[in-house]
Amino acid sequence: MQTVEVVPLLDQVSGAVSTAIASTRPELAGADPLVRRSEHADFQSNAALALAKRAGVRPADLATDLASTLTVGSVALSGPGFLNITLGDRAMWTQMAARLGPGLGVGRPLSGRRTIVDYSAPNIAKEMHVGHLRTTILGDCLARVLAFLGGDVVRQNHLGDWGTQFGMLIQYMDEVPATAPYDELYRASRARFDADADFADRCRRRVVALQAGDPATLARWRDIVAESEQAFHAIYARLGVLLTPADSVGESFYNPMLADTVADLVAAGIAVASDGALVVYSRHVLGREGEPVPLMVRKSDGGYGYDTTDLATIRYRVRELAPDQLLYVTDARQAQHFALVFEAARRAGWLPDTVDVAHVAYGMVLGLDGRPFRTRAGDTVRLTDLVDEAVARARTVVAEKNPGLAPATLDRIAEQTGIGAVKYADLSTSRTKDYAFDVDRMVSFAGNTGVYLQFAHARVRSILRKAGATTHAVDPEVPLHPTERTLVLAIDGFSTALTEVAATLEPHRLCNYLYELARACTAFCEECPVLRAAEPVRANRIALCHLTAATLRDGLELLGIAAPESM
Ligand code: ARG
């Protein structure tokens, strides 16, 4: 997509304040202009307060000097030295006219930068459950935002598709021909493994056969992986998650590289023997007694586990995929695991300083009782059931609001709003916090919900359909209504919100932004008639509606949420 970057008003004002600082006090050149959106004016700068001491003057005096040299908008002084900056109506309309171009004037600041996003990663032969909700939704949102900003995003689904449990499962399926979901067979095989020592022996031999590449055993394993993956991809398709089979690079892929990876660590003197096992002791992460925490590189029985696989994975990814940034989206409980993996990879020279790496950690999904989310029977909640419940509730709420909908339309909108509600509730919570899964709150038309955003979008789309205009133009000489002003400033903040998400890896910033935009939009719809307005006000308002709808639609899409035309 060819896009022309439009510099946000915030950046324009910041630039002007920086210039004023440099010209009035050359010794302060380069200082942060400290400009932000404000209730008192369009923007406010704190620079005079922050810099007065360094300049050896009173804040109010520095503010006066800055105000007299500022070349943007009109400036008023307030408080002990705030600069309140209000832009002219013409500048605001001109900015909107510029954003009418392709891509809403959002640039591609991340072009040429490759990011690997490791997310979702469910385990084969188990169903996706509530524990995979956040990684799937957060990872997908980050992948979308980085790509929208021009980044080269490589998605990786690190499926749990290898391990001794498969020997057990395959042995059980051979001995007890029955068709049941893998989950159940898996539980049954574990029970028999614990109860029957001969069976346990046969399972161990089966693990050896699998690892040695015995064709019949491998074929069984492949069937299991294929069937599980199909189920995962059915859920991804329903949820609108970008992951495709091509993104699946499971643990088994790294199996042939484990021995080499370990040999590298031994040769470098990084891995050391400990009770018959091989471990890497951390230099930074200490246990409760101040002892260095070990990363398990090879178990005493000679086997390799999760730690070794992640070491081989990071080594492979940096070498073969040449990323600038590596992201791992998993829950906060894996923080220590990744800290140890990253540290070992740096020491081994696999991860140069030029490559950024981050564990994108998140909190837990809780039930309304504040405890880990479970079914009434105390089981983990299957992802499908959770989504079904939200869709059913959304259906009720949408039908109440809009009783005339045809059943097929209602079904479609219920699916879009129910899934959107789940995603939005997840993404809008600060990532590292736990949150309670509260379906009623999620599907509400009021408050900071996905449904509220979708409704605001549908409302503006309905105005646009009635207006019938296909091209949009803005007359910059029209006076700006205060509610329009708030909306213009909100629309203009889109790229700033996105670059913040990319920098902090916190999708809730995009949610907060879109919520503000939707509120500004709702106020605009209530206070500023569009279709009944006289020209040229009407054309300007239609252009504003068009920009609002496009920004809401793109924003929702970046959250992975559908934007229905009507609801
Ligand atoms: N399969 C793991 C789980 O379900 C998550 C894997 C995350 N990615 C990784 N590279 N370790 O907990």
Side-chain angles (χ1 to χ4, degrees), residues 115-140 142-143 153-166 169 182-183 186 221 224-225 228-229 231-233 235-236 241-243 247-255 257-258 261 280 295-297 304-321 323 325-346 348 350-351 355-365 372-373 379-383 386 431 505:
T115 300
I116 297 179
V117 190
D118 179 320
Y119 71 106
S120 195
N123 300 316
I124 297 293
K126 292 191 190 158
E127 273 201 79
M128 278 181 88
H129 57 78
V130 58
H132 298 110
L133 180 72
R134 302 208 70 186
T135 170
T136 305
I137 292 175
L138 285 160
D140 211 53
L142 291 173
V153 175
V154 180
R155 297 181 299 266
Q156 293 278 286
N157 196 353
H158 192 81
L159 297 170
D161 63 356
W162 198 247
T164 50
Q165 71 273 24
F166 292 102
L169 180 61
Y182 288 129
D183 263 41
Y186 182 76
W221 169 77
I224 298 172
V225 172
S228 278
E229 261 214 87
F232 299 155
H233 285 285
I235 296 186
Y236 294 152
V241 167
L242 298 175
L243 288 167
D247 303 320
S248 290
V249 187
E251 294 179 10
S252 63
F253 177 81
Y254 303 98
N255 189 49
M257 306 167 205
L258 300 181
T261 302
V280 174
L295 193 64
M296 181 57 69
V297 170
Y304 304 116
Y306 190 63
D307 291 357
T308 322
T309 306
D310 262 324
L311 287 168
T313 303
I314 200 165
R315 177 173 172 268
Y316 175 86
R317 284 180 182 165
V318 176
R319 279 187 192 173
E320 303 299 323
L321 306 177
Q325 184 181 36
L326 288 159
L327 304 180
Y328 293 82
V329 188
T330 81
D331 70 76
R333 289 171 300 184
Q334 295 200 39
Q336 186 175 80
H337 166 76
F338 285 110
L340 295 175
V341 169
F342 301 161
E343 185 189 334
R346 295 251 188 241
W350 300 332
L351 184 61
V355 178
D356 285 338
V357 67
H359 173 218
V360 183
Y362 54 82
M364 288 208 299
V365 181
F373 196 37
D379 298 323
T380 41
V381 180
R382 301 189 317 156
L383 208 48
L386 182 144
R431 174 162 59 69
L505 307 171

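Counting starts at 1 for both ligands and their atoms, following the listed order. All residue numbers in this chain count up from 1 along the given sequence.
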Novice: Looking at R319, I'd like to know if its CZ atom is crowded, meaning that more than 12 non-hydrogen atoms belonging to other residues, nucleotides or ligands lie closer than 6.0 Å.
Specialist: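 More than 12 heavy atoms, drawn from other residues, nucleotides or ligands, come within 6.0 Å of this atom.
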
Novice: Assess Q334 for proximity to ligand 1: is some non-hydrogen atom of it under 4.0 Å away?
Specialist: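 Right, Q334 reaches ligand 1.
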
Novice: Quick one: which ligand 1 atoms are inside 4.0 Å of a heavy atom on F338?
Specialist: 9 (C), 11 (N)

Novice: Would a line drawn from the ring center of H158 to the ring center of Y254 be shorter than 6.0 Å?
Specialist: yes

Novice: Do F342 and I314 make a side-chain contact, defined as non-hydrogen atoms from C-beta onward lying under 4.5 Å apart?
Specialist: yes

Novice: Please list, in number order, the atoms of ligand 1 under 4.0 Å from a heavy atom of D310.
Specialist: 9 (C), 10 (N), 11 (N)

Novice: Which residue holds the protein heavy atom closest to atom 4 (O) of ligand 1, what is that atom called, and what is the gap in Å?
Specialist: N123 ND2, 3.2 Å

Novice: Which of parallel (below 30°), tilted (30 to 60°) and perpendicular (above 60°) describes Y328 and F338?
Specialist: tilted

Novice: Identify the protein heavy atom lying closest to atom 8 (N) of ligand 1, giving its residue, its atom name and the separation to 0.1 Å.
Specialist: D118 OD1, 3.1 Å

Novice: Which atoms of ligand 1 have any heavy atom of T330 under 4.0 Å away?
Specialist: 7 (C)

Novice: Is there a side-chain contact between V381 and V365, using heavy atoms and a 4.5 Å cut-off?
Specialist: no

Novice: Does ligand 1 have an atom under 4.0 Å from some heavy atom of Y306?
Specialist: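 Distance cut 4.0 Å: Y306 passes for ligand 1.
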
Novice: Has H132 got any heavy atom lying under 4.0 angstrom from an atom of ligand 1?
Specialist: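 Contact check H132 vs ligand 1: positive.
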
Novice: Looking at V297, is its backbone amide N or carbonyl O close enough to the side chain of T308 to form a donor-acceptor pair, meaning the two atoms are under 3.5 Å apart?
Specialist: yes

Novice: Without swapping roles, check the side chain of R134 against the backbone of G363 for a donor-acceptor pair under 3.5 Å.
Specialist: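 At least one qualifying donor-acceptor pair exists.
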
Novice: Report, in ascending order of atom number, the atoms of ligand 1 lying under 4.0 Å from any heavy atom of Y328.
Specialist: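 Numbered from 1, ligand 1 contributes 10 (N).
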
Novice: Tell me the protein heavy atom at minimum distance from atom 9 (C) of ligand 1, and give that distance in Å.
Specialist: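 The closest one turns out to be H158 CD2, 3.4 Å.
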
Novice: So for ligand 1, is A121 a polar contact partner (N or O within less than 3.5 Å, distance only)?
Specialist: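 Right, the criterion is met.
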
Novice: If only side-chain N and O atoms count, and only distance matters, is there a donor-acceptor pair under 3.5 Å linking Y236 with D247?
Specialist: no

